Amino acid sequence: MPLGRADGSAPAAGRGIRAASAEAALAVAAFAVLCAMVLSVAPQAAEPDDGAYRASIVAMTEGHFLTLSTAQAETLARKLGDNPAAPPNQWVELSDGRYISEKDPGYPFLAAPFQALGIIRWAPLFYGALACLGLFIGARRWLGRFGGLAAVGLYCSSGAALAFAWRDYMPTFTDASLIAAGSGALLWAMLATDASSRRRTWVGLAGLVAIEIATFVRYTNIVILGCAVVAVIAAWRLRAARLPLRTLCLWLASVAIFGAGVAIFDDHVYGGPLTTGYQPGEVTFAIGAIGPNLRLMPAHLMQAMPMLVLGLIALAWIILRWLVLRRIGGRPVAAARRDLSVGAALAASWFAIWGLYSAYTWTADPTSVTVQVVRFYVPAIGAIALLGAWLVTRIPGRGWWAGLTSAAVIAAMFGLSVWSFYAMYTAFGVPLSG
């Protein structure tokens, strides 16, 4: 069989492979830019939260995986220079007299191997790489050519991504990355109807496990996990994804096992299946906080993740496009219906976590600065990047012109992200230095 035509032009398949390779290379370059920006700034602790997580991570590298005695906790605090006369800051005493961080326990398990190897700065970036992989395969399956590049580029070019990927002892970028990776993997598994059932099953399971781990890192991510469960059940019920029943059962069994495991863990460590390290009344949500948060948070969120504008425009466009095409009929309706289904699932996870934290009383303080309050909203950046990628790939243009347009949008977002990164920490009194 000839490899090309006599005129020297490449076969369509060859062009497609080269285009995919080029797109993947550009996506890798976008992630490399994120890494370079993060690693070019000297590490430092920005908040007491960093110290609390650091103490847990270091304790794990020393063989203390759950709790410490009073003497061990005080020794650890002295070693780290964190509250040297007592156990580390933001650690609490349990009913048996032992100490543990009040923070949700998942991140230390993920970061401890990097701490032991002396490469803790690469911990968030490693999970960021998983996010890029998941977003690339999911967006390319959904959006086609340049979809993967757009999703990865938007994810990496968020000011919030830079701000928290730089914080090696904070879990914020890690749990957001696990959610992004899981969302992309699930999206691929739901749309890849031409792939083998076995492959779809395992990729989808990996996606759910990633979101489950993110929920162990921050318990409030359970609303995103819940949205993922509802989405896969709805897709199975509507036969839109052609999922075998055994695949659905395996996925749901994974979620059930995870839920039971967390309940057992909390009961063993904290004394109750629904108990955490936070004292009663320390973390509160109230209807009365929604109004102040709606007034204060939009400015913070626009500074930290301006790509949210692209996500909102994309969602509105997807809905309007479906409403118009369903009246006209014809073949384009199927594509519009698919976009609506995917957009609705992504928007549900986005608005679920943002809706939850709109009632968080702590962020309603008008004296707080952006970097303090936006971290609770960062788990949505994967969904926002996917929706934004839909919009970017729908910008008029064909061939490499569309790719250049996507690259230009991403470059502009990177410029905004660098400004946002430095501005957020300057406002917080944390000067960044190379």
Side-chain angles (χ1 to χ4, degrees), residues 17-43 110-111 113-114 117-140 143 145-185 210 304-307 310 378 381-382 384-386 388-389 392-393 400 402-422 424-425 432-434:
I17 292 173
R18 284 200 297 271
S21 300
E23 183 182 351
L26 289 173
V28 170
F31 176 67
V33 171
L34 169 70
C35 294
M37 289 180 177
V38 167
L39 297 175
S40 68
V41 179
L110 300 177
F114 295 88
L117 293 172
I119 53 172
I120 187 62
R121 297 209 71 191
W122 285 95
L125 297 174
F126 170 79
Y127 296 104
L130 296 182
C132 292
L133 176 61
L135 290 172
F136 187 87
I137 64 172
R140 204 167 199 282
L143 304 173
R145 194 177 183 185
F146 300 118
L149 169 62
V152 171
L154 290 176
Y155 185 81
C156 293
S157 63
S158 165
L162 282 177
F164 293 102
W166 173 68
R167 305 264 292 272
D168 41 21
Y169 287 109
M170 282 289 284
T172 308
F173 185 67
T174 294
D175 69 288
S177 293
L178 288 168
I179 290 170
S183 299
M305 48 188 91
M307 68 172 178
L310 301 180
V378 173
I381 61 175
I384 299 172
L386 285 167
V392 170
T393 55
W400 283 104
L404 290 174
T405 303
S406 300
V409 172
I410 293 167
M413 287 294 169
F414 263 116
L416 287 174
S417 72
V418 174
W419 165 79
S420 174
F421 179 31
Y422 282 86
M424 283 191 289
Y425 282 109
L432 304 181
S433 60

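Here, residue 1 is the first one in the sequence, and each next residue gets the next number. Bear in mind the structure is a predicted one, so any value in this text is a computation, not a measurement.
In this structure, S177 and P124 have side chains that are not in contact, with every pair of non-hydrogen atoms separated by 4.5 Å or more. Looking at heavy atoms from C-beta onward, M37 lies out of side-chain contact with W166 at the 4.5 angstrom threshold. Annotation: side chain of F173 is not in contact with side chain of L178 (no heavy-atom distance under 4.5 Å). With contacts defined as side-chain heavy-atom distances shorter than 4.5 Å, the pair F136/E23 qualifies. Inter-residue side-chain proximity for V378 and M305 is flagged as met; some heavy-atom pair is nearer than 4.5 Å. For the pair V152 and C156, the minimum side-chain heavy-atom distance is below 4.5 Å. Inter-residue side-chain proximity for I381 and M307 is flagged as met; some heavy-atom pair is nearer than 4.5 Å. Contact annotation: the side chain of W122 approaches that of L39 to within less than 4.5 Å [non-hydrogen atoms, C-beta and beyond].
In this structure, CG on L26 lies 8.5 Å from CD1 on I410, to the nearest 0.5 angstrom. Taken from CE in M413 to OG in S420, the straight-line distance is 11.5 Å, to the nearest 0.5 Å. With rounding to the nearest 0.5 Å, the separation of OH in Y169 from OG1 in T174 is 13.0 Å. Expressed to the nearest 0.5 Å, how far CZ of R121 lies from SG of C35 amounts to 10.5 Å. Of the inter-residue distances, the one linking L162 atom CG with L416 atom CG reads 11.5 Å to the nearest 0.5 angstrom. If you take CG on L386 and CG on L143, they are separated by 7.5 Å, rounding to the nearest 0.5 Å.
Counting all heavy atoms, side chain and backbone alike, F414 lies closest to V33 at CE2-CG1, 3.7 Å. Taking all atoms of both residues into account, the shortest heavy-atom contact from G159 to S417 is N-CB, 3.5 Å. Taking each heavy atom of A389 and G147 in turn, the nearest pair found is CB-O, 4.0 Å. Among all heavy-atom pairs drawn from D168 and P43, the shortest one is OD2-CB, 4.2 Å. Nearest approach of L125 to F31, heavy atoms of both residues: O-CZ, 3.2 Å. For the pair A30 and G153, the tightest heavy-atom approach, listed with the atom from each and the gap, is CB-CA, 4.1 Å.
Between the side chain of Y127 and the backbone N or O of L110, at least one donor-acceptor pair lies under 3.5 Å. Between the side chain of Y425 and the backbone N or O of A163 there is at least one donor-acceptor pair closer than 3.5 Å.
Each of L149, V392, I384 was evaluated against L154; a single residue qualifies, V392, per the side chain to side chain contact (heavy atoms under 4.5 Å, CB included) test.
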Please assess I119 against F126 for the test side chain to side chain contact (heavy atoms under 4.5 Å, CB included), listing each intermediate value before the final yes or no. CA-CA 11 Å; I119 53 172; F126 170 79; over 6 Å; no

